[in-house]
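Report on one structure; see the data block that follows.
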Amino acid sequence: MTSADFPRYDLPPDWPTTEAEATAVQERLRAAVVTAGEVAPPGEGAGTVAGVDVAYDDERGVVAAAAVALDPRTLAVVGEATAVGPVTFPYVPGLLAFREIPAVLDALGALDRAGHRPDLVVCDGYGLAHPRRFGLASHLGVLTGLPVIGVAKNPFTFRHADPGPHRGDWSPLLDGEEEVGRALRTRDGVKPVFVSVGHRVDLDSACAHTLHLARDYRQPETTRRADALCRRALAEVRAARS
DNA sequence: GCGACAG
DNA sequence: ATCTTGTCGC
């Protein structure tokens with residue numbers, strides 16, 4: 001495992017098909033998560049930040065993923081890629097990664113081959129804020145080797161005090177006594193988002209980037225762009241198959 | 001056993 | 001996630 005081997009965008013050969021296998025994979029890979037690391041603060045370095053998201057049509061069993069690269073300084077879109085495939089796993093709380101990652105890896109790989117290798121990936125959902133401390137963001141990070149953070153819209157099963165009313169205010173997201181992430185207010189008076197470490201980025205850095213990316217809206221611009229793109233891609237597949 | 005439960 | 005109209009507000 002040297003850095004020269006990364007990033008990788010291929011699905012591991014032992015990718016599970018059952019819930020029991022999936023849980024076992026999480027228990028096994030969780031040890032590979034790197035909790036520390038700082039990504040260069042936005043506005044100070046080159047590089048790009050990518051957002052990934054997925055949309056589903058369970059009726060037709062189709063999933064569409066999008067990966068969008070942004071200039072972290074201006075938040076302008078500099079690259080886009082999508083991937084479409086079959087739905088291979090149901091939504092099970094705690095096992096979201098197995099539903100999303102196959103398509104996300106395809107989209108991220110396409111983005112990389114198009115000339116945009118991200119220095120940071122932002123995804124919907126959680127990283128360490130997970131029953132087994134191995135949510136989507138951590139899983140994606142360990143598989144690709146890229147720095148990844150998780151920004152979710154809901155607190156899942158975790159508890160938190162209401163953060164202060166202003167942008168930048170935050171409170172710990174707690175699993176019992178353990179801080180697994182933060183409830184971060186990105187807009188004055190608006191419901192916070194829930195940030196957690198994915199891989200190779202510490203929590204302070206993850207929150208700093210989230211706040212920067214959520215300059216204009218509650219959610220990071222990366223997520224908004226990826227969300228819009230994967231919906232568009234799904235709509236195109238529907239049209240082509242009707 | 002029952003309910004809650006990222007997307 | 002997705003199903004879905006109008007509507008209040010900047």
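This is a predicted model, so every value here is computed, not measured. Throughout, protein chains are lettered first and strands after them, A, B, ... in sequence-line order, and every chain is numbered starting at 1.
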Quick one: stems involving DNA chain C, counted as three or more successive Watson-Crick or G-U pairs, both distances short of 3.5 Å.
none

Listed partners of A/Glu236 passing salt bridge (charged side-chain N to carboxylate O under 4.0 Å, His left out), at least two apart
none

Using the salt bridge (charged side-chain N to carboxylate O under 4.0 Å, His left out) rule, collect all pairs that involve residues 75-100 of chain A, keeping only residues at least two apart or in two chains.
A/Asp58-A/Arg99

Quick one, give me the B/S/- string for nucleotides 3-10 of chain C, reading 5' to 3', where B means a protein heavy atom under 4.0 Å from the base and S means that only happens at the primed atoms, P, OP1 or OP2.
S-------

Taking Watson-Crick and G-U wobble contacts under 3.5 angstrom, with | marking pairs to another strand and [ ] crossing pairs, the secondary structure of DNA chain B is written .......

How long is the span from the NZ atom in A/Lys191 to the OG1 atom in A/Thr186, to the nearest 0.5 Å?
11.5 Å

Ring pair (Phe, Tyr, Trp, His ring centres under 6.0 Å) against A/Phe156, all qualifying residues, sequence neighbours excluded:
A/Phe158

Base-contact (B) and sugar-phosphate-only (S) positions in nucleotides 1-7 of chain B, heavy-atom cut-off under 4.0 Å, - elsewhere:
----BBB

Qualifying residues under salt bridge (charged side-chain N to carboxylate O under 4.0 Å, His left out), relative to A/Arg60, sequence neighbours excluded
A/Asp57

Heavy-atom donor-acceptor pair, A/His209 side chain to A/Val39 backbone, under 3.5 Å:
yes

What residues, two or more places apart in sequence or in another chain, satisfy salt bridge (charged side-chain N to carboxylate O under 4.0 Å, His left out) together with A/Asp227?
A/Arg231

So that I can tick it off, tell me whether A/Asp204 and A/Arg182 are bridged by a salt bridge, with the cut-off set at under 4.0 angstrom between side-chain N and carboxylate O.
yes

If I take atom OH from residue A/Tyr91 and atom CG from residue A/Leu96, how far apart are they, to the nearest 0.5 angstrom?
6.5 Å

For A/Phe98, enumerate each residue passing the ring pair (Phe, Tyr, Trp, His ring centres under 6.0 Å) test, keeping only those at least two apart in sequence or located in another chain.
A/Trp15, A/Phe89, A/His139

Pairs meeting criterion ring-ring contact (aromatic ring centres under 6.0 Å, His included) with involvement of residues 164-204 of chain A, two or more places apart:
A/His160-A/Phe194

Rounding to a whole Å, what distance do you find between A/Arg231:CZ and C/dA1:C1'?
8 Å

Scan for ring-ring contact (aromatic ring centres under 6.0 Å, His included) pairs involving residues 217-242 of chain A, sequence neighbours excluded, and state none if there are none.
none

